[in-house]
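Quick one: structure below, then a few questions.
Quantities reported herein were computed from a predicted structural model and do not represent experimental measurements.
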Amino acid sequence: MTEPTHPFTLLADPVRRRIVEVLAVGEHSAGTLCDVVMTEFGISRTAVSHHLRVLRDHDAVTSLIDAVEPRARSYRLNRAFLAVLDEEVERLLRLSDHRYGTVERLAPPPVDPPRSRGVRRHRFGEAEARRRAESRAAWAGSRIPTAGA
C-alpha cells in the first residue's frame with residue numbers, strides 16, 4: 001500500500017471509476033472486469049490490470065486469489081474506501097450548505113399535482129383535449145346508423 005490518496009484522485013480516471021461502478025454491484029473476477037472495461041473503453045488487458053493494481057495499492061479494492069487457479073483473482077470494493085469516499089462527499093455537501101444554504105431551504109415546497117377524476121392529464125394540456133375531441137368526432141362519424149334510428 002502507498003501513502004493515502006484522496007478518493008477523488010483515484011476516481012478521476014474514467015476507467016477506474018467504471019471498475020468501481022461494476023464492483024459496486026458485487027464481487028467480480030479479474031477476467032470479467034477486463035472484459036467489461038476492454039469492451040467499453042477499447043483498452044488492453046494490461047491497461048485494465050494496471051488500473052486494478054492502482055486501486056488495489058490504494059486499498060480501494062481487495063482481491064482474493066482463487067485456491068483452484070492461483071493466477072485468477074476476484075475483486076471487491078473495500079468498505080473502508082467507501083467510508084472515506086462518503087466522508088469526502090459529505091464534507092463537500094457541508095461546504096456547499098455553508099456557502100449556498102441547504103437544498104431543502106432553497107427549494108420550493110413540494111406541491112401535489114391536482115388530481116383529476118382518474119383521467120391522466122396529458123402534459124400538453126390543450127393538445128390532449130383537441131386530440132380527444134377529434135377522436136370522438138371521427139368515431140361518431142364512423143358509426144353505422146341502426147335500423148331503429
Does any non-hydrogen side-chain atom of R76 lie less than 4.5 Å from one of V61?
no
Just how far is it from atom NE2 of H6 to atom CG of L85, taken to the nearest 0.5 Å?
9.0 Å
Pairwise side-chain contact, L55 with H51, heavy-atom cut-off 4.5 Å (strictly under)
no
Do the side chains of R45 and D35 get close enough for a salt bridge, i.e. N-O under 4.0 angstrom?
yes
In short, L10 meets A60 closest at the heavy-atom pair CD1-CB, 4.2 Å
Would you find a donor on one side and an acceptor on the other, under 3.5 Å apart, between the side chain of H50 and the backbone of T46?
no
Could you give the distance from CE (M38) to CG (L33), rounded to the nearest 0.5 Å?
12.0 Å
Is R56 reaching over with its side chain to a backbone N or O of T62, donor-acceptor style, under 3.5 angstrom?
no
May I ask you to decide if D59's main-chain N or O and N78's side chain share a donor-acceptor pair within less than 3.5 Å?
yes
Within one Ile-Leu-Val-Met-Phe-Trp-Tyr cluster: F41 and V22, side-chain cutoff 4.5 Å
yes
I'd like to know if the side chain of T32 pairs up with that of S29 as donor and acceptor (distance under 3.5 Å, no hydrogens or angles considered).
yes
Non-hydrogen side-chain atoms of H28 and V36 separated by less than 4.5 Å:
no
Nearest heavy-atom pair of S74 and E27: which atoms, and what distance?
OG-OE2, 2.9 Å
Distance, nearest 0.5 Å, that separates CZ of R16 from CG of L23
13.5 Å
Value for CZ (R53) from NE2 (H58), rounded to nearest 0.5 Å, stands at 12.0 Å
More than 12 heavy atoms from other groups under 6.0 Å of CZ on R17:
yes
Hydrophobic clusters here meaning ILVMFWY residues chained together by side-chain heavy-atom distances under 4.5 Å, can you tell me if L52 and L82 are in one?
yes
Separation of E40 CD from I19 CD1 (nearest 0.5 Å)
10.5 Å
Hey, any chance V84 and F8 share a hydrophobic cluster, counting ILVMFWY side chains that come within less than 4.5 Å of each other, even indirectly?
no
Does any non-hydrogen side-chain atom of V54 lie less than 4.5 Å from one of D13?
no
